[in-house]
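Structure first, commentary second.
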Amino acid sequence: MKKVKLIYNPNSGEKKILSNLDIIIELYQEKNYLLIPYRLTIKEPVKNAFKEVDSSYEHILIAGGDGTVDLVVNAMKELDIKIPIGILPTGTANDFSNALQISFDIKEAINEIINSKPKKIDIGKVNNKYFINVASAGMFTDVSQRINTDLKNSFGRISYYIKGIEEALYMRKFKIKVSSEEMYYDGDMYLMLIFNGKTAGNINLAYKAEIDDGYLDVIIFKGMPIPKSIPVLISVLRGDYLDQYNGNEILYFKTKKVHIECEDSLITDIDGEKGPDFPLNIECIKDGIEVMGICSEKS
């Protein structure tokens with residue numbers, strides 16, 4: 001019997017996973033898989049989930065949002081575990097699953113995982129930490145870290161919007177220096193995002209991004225007078241392409257490596273979790289992980 005490790009976050013989203021555990025186990029058993037569950041908890045390090053995992057496991061099934069997938073992938077990298085992963089997007093934020101076009105229907109997602117071959121995709125790395133979807137700093141970027149877990153579970157994505165509106169009332173610029181082969185910028189910014197995926201908060205910002213091209217997509221919202229920032233913000237919320245602003249209000253470029261410094265005390269965020277301190281050395285890890293459930297026509 002083939003073995004699969006299920007690592008799930010019981011608090012992700014609106015605790016959706018808890019009412020679906022039996023369905024998940026049933027579907028895997030029907031396909032002759034032995035599904036071994038591990039419940040994530042703040043009391044134990046994530047790497048404890050891999051104590052008995054070896055090459056006999058066919059894949060790691062992760063149930064949760066972007067933050068959960070990020071934590072599991074970082075643990076796998078630390079332990080040098082090179083087993084493919086499958087994702088069940090059951091979190092509040094599932095931007096990475098959106099980028100991979102993974103179904104939000106659990107039965108459909110499992111069927112695609114079981115009946116697919118692993119596909120190599122890129123991941124990002126910031127200093128000594130990895131990220132799957134986006135690394136960021138500036139306004140709005142640590143909203144997920146500052147939302148009470150109970151509020152997040154009760155109100156879901158709305159809780160992010162509430163915090164975002166509060167932040168927008170106090171526009172603040174940050175001094176940064178960005179260096180890569182493609183770009184040099186020394187000036188003010190409101191927000192910077194380094195994408196491996198395409199979306200943040202379900203807004204399609206990195207519309208040029210590809211999950212397997214060996215590049216990260218960097219978007220920097222420059223510091224600008226408030227009257228100029230309002231139409232830019234409206235365009236972003238509408239999902240408009242940012243080309244009309246590129247080079248002026250916004251910098252958008254693709255790169256394999258970028259170095260970023262910041263003079264201000266600024267918290268970074270990677271996939272909704274606290275990231276490393278500045279300076280940041282960010283790079284794309286080509287073919288960094290293998291993912292199940294990605295059909296060739298989706299990539």
Side-chain angles (χ1 to χ4, degrees), residues 66 69-78 80-82 84-85 87 95-101 118-138 141 174-187 189 191-200 203-222 241-243 245-248 250-262 266 268-291 294 296 298-299:
D66 290 339
V69 179
D70 176 279
L71 291 171
V72 173
V73 168
N74 270 277
M76 292 177 68
K77 286 296 182 182
E78 181 181 346
D80 196 29
I81 293 173
K82 298 176 180 177
I85 67 170
I87 302 172
D95 287 299
F96 188 59
S97 294
N98 270 326
L100 300 179
Q101 299 182 47
K119 177 179 174 59
K120 292 181 178 180
I121 66 168
D122 305 335
I123 57 175
K125 186 177 183 181
V126 185
N127 294 354
N128 63 343
K129 297 190 75 172
Y130 295 88
F131 66 95
I132 53 165
N133 188 61
V134 63
S136 57
T141 57
F174 304 94
K175 179 73 172 176
I176 61 166
K177 186 182 292 184
V178 180
S179 305
S180 76
E181 287 186 8
E182 300 82 3
M183 178 66 62
Y184 178 81
Y185 176 68
D186 186 352
M189 66 98 180
L191 166 67
M192 69 174 186
L193 305 124
I194 300 92
F195 281 97
N196 182 53
K198 291 178 177 288
T199 65
I203 300 174
N204 187 19
L205 292 168
Y207 45 86
K208 301 176 184 177
E210 300 291 342
I211 60 172
D212 55 1
D213 62 355
Y215 286 87
L216 300 172
D217 286 46
V218 181
I219 301 176
I220 298 171
F221 294 81
K222 291 183 178 180
Y241 282 2
L242 305 177
D243 292 343
Y245 301 109
N246 200 14
N248 296 312
I250 294 174
L251 297 176
Y252 186 162
F253 62 97
K254 299 174 79 73
T255 188
K256 293 181 179 180
K257 293 183 180 181
V258 61
H259 177 80
I260 304 175
E261 301 174 24
C262 182
L266 188 56
T268 67
D269 183 281
I270 54 174
D271 297 323
E273 306 292 331
K274 188 179 184 302
D277 295 330
F278 285 90
L280 306 177
N281 289 301
I282 307 173
E283 61 179 313
C284 180
I285 307 300
K286 175 70 173 171
D287 298 335
I289 56 172
E290 288 187 299
V291 181
I294 309 177
S296 57
K298 292 182 178 183
S299 58

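For clarity, every value in this text was computed on a predicted model and none was experimentally measured.
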Between the main-chain N or O of [Y] and the side-chain N or O of [X], is there a donor-acceptor pair closer than 3.5 Å?
X      : Y      : answer
Asn74  : Asp70  : yes
Asp95  : Gly197 : no
Lys198 : Ala209 : yes
Asp212 : Ile121 : no
Asp271 : Asn133 : yes

Which value, rounded to the nearest 0.5 Å, describes the distance between [X] atom [atom1] and [Y] atom [atom2]?
X      : Y      : atom1 : atom2 : answer
Lys177 : Lys175 : NZ    : NZ    : 8.0 Å
Tyr252 : Leu205 : OH    : CG    : 8.5 Å
Asp269 : Ser136 : CG    : OG    : 4.5 Å
Ile176 : Ile260 : CD1   : CD1   : 6.5 Å

Under a 4.5 Å cut-off applied to non-hydrogen side-chain atoms, are [X] and [Y] in contact?
X      : Y      : answer
Lys257 : Glu283 : yes
Ser179 : Tyr185 : no
Phe174 : Met192 : no
Ile250 : Ile220 : no
Thr268 : Pro276 : yes
Asn98  : Phe96  : no
Val73  : Ile289 : yes
Leu100 : Ile211 : yes

More than 12 heavy atoms of other groups within 6.0 Å of [X] [atom1]:
X      : atom1 : value
Tyr245 : OH    : yes
Lys77  : NZ    : yes
Lys208 : NZ    : yes

What pairs of donor and acceptor atoms, side-chain ones from residues 124-132 against any protein atom, are under 3.5 angstrom apart with sequence neighbours left out?
from: Asn127; atom 1: OD1; to: Asn281; atom 2: N; distance (Å): 2.8
from: Asn127; atom 1: ND2; to: Asp277; atom 2: O; distance (Å): 3.4
from: Asn127; atom 1: ND2; to: Pro279; atom 2: O; distance (Å): 3.2
from: Lys129; atom 1: NZ; to: Lys274; atom 2: O; distance (Å): 3.3

Taking all non-hydrogen atoms of both residues into account, name the closest pair between [X] and [Y] and its distance.
X      : Y      : result
Phe278 : Glu261 : CD2-C, 4.0 Å
Glu210 : Asp122 : O-OD2, 4.4 Å
Ser180 : Phe253 : OG-CE1, 3.6 Å
Gly214 : Lys256 : O-CG, 3.4 Å

Q. Pick from Ile270, Thr255, Val218: which one makes a side chain to side chain contact (heavy atoms under 4.5 Å, CB included) with Ile194?
A. Val218
Q | Residues Lys120, Glu290; criterion side-chain contact (heavy atoms from CB on, under 4.5 Å); working and verdict | A | CA-CA 4 Å; Lys120 292 181 178 180; Glu290 288 187 299; 3.7 Å; yes
Q. Does a donor on one side chain and an acceptor on the other come within less than 3.5 Å for Tyr207 and Asp243?
A.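 Present: a donor and an acceptor within the cut-off.
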(Q) Between Thr199 and Asn204, is there a side-chain donor-acceptor contact under 3.5 Å, judged purely by atom types and distance? (A) no
Q: Flag the pair Asp217 and Lys254 as a salt bridge only when some basic side-chain nitrogen lies within less than 4.0 angstrom of an acidic carboxylate oxygen.
A: yes
(Q) Strictly below 4.0 Å, N to O, side chains only: are Asp213 and Lys286 in salt-bridge contact? (A) no
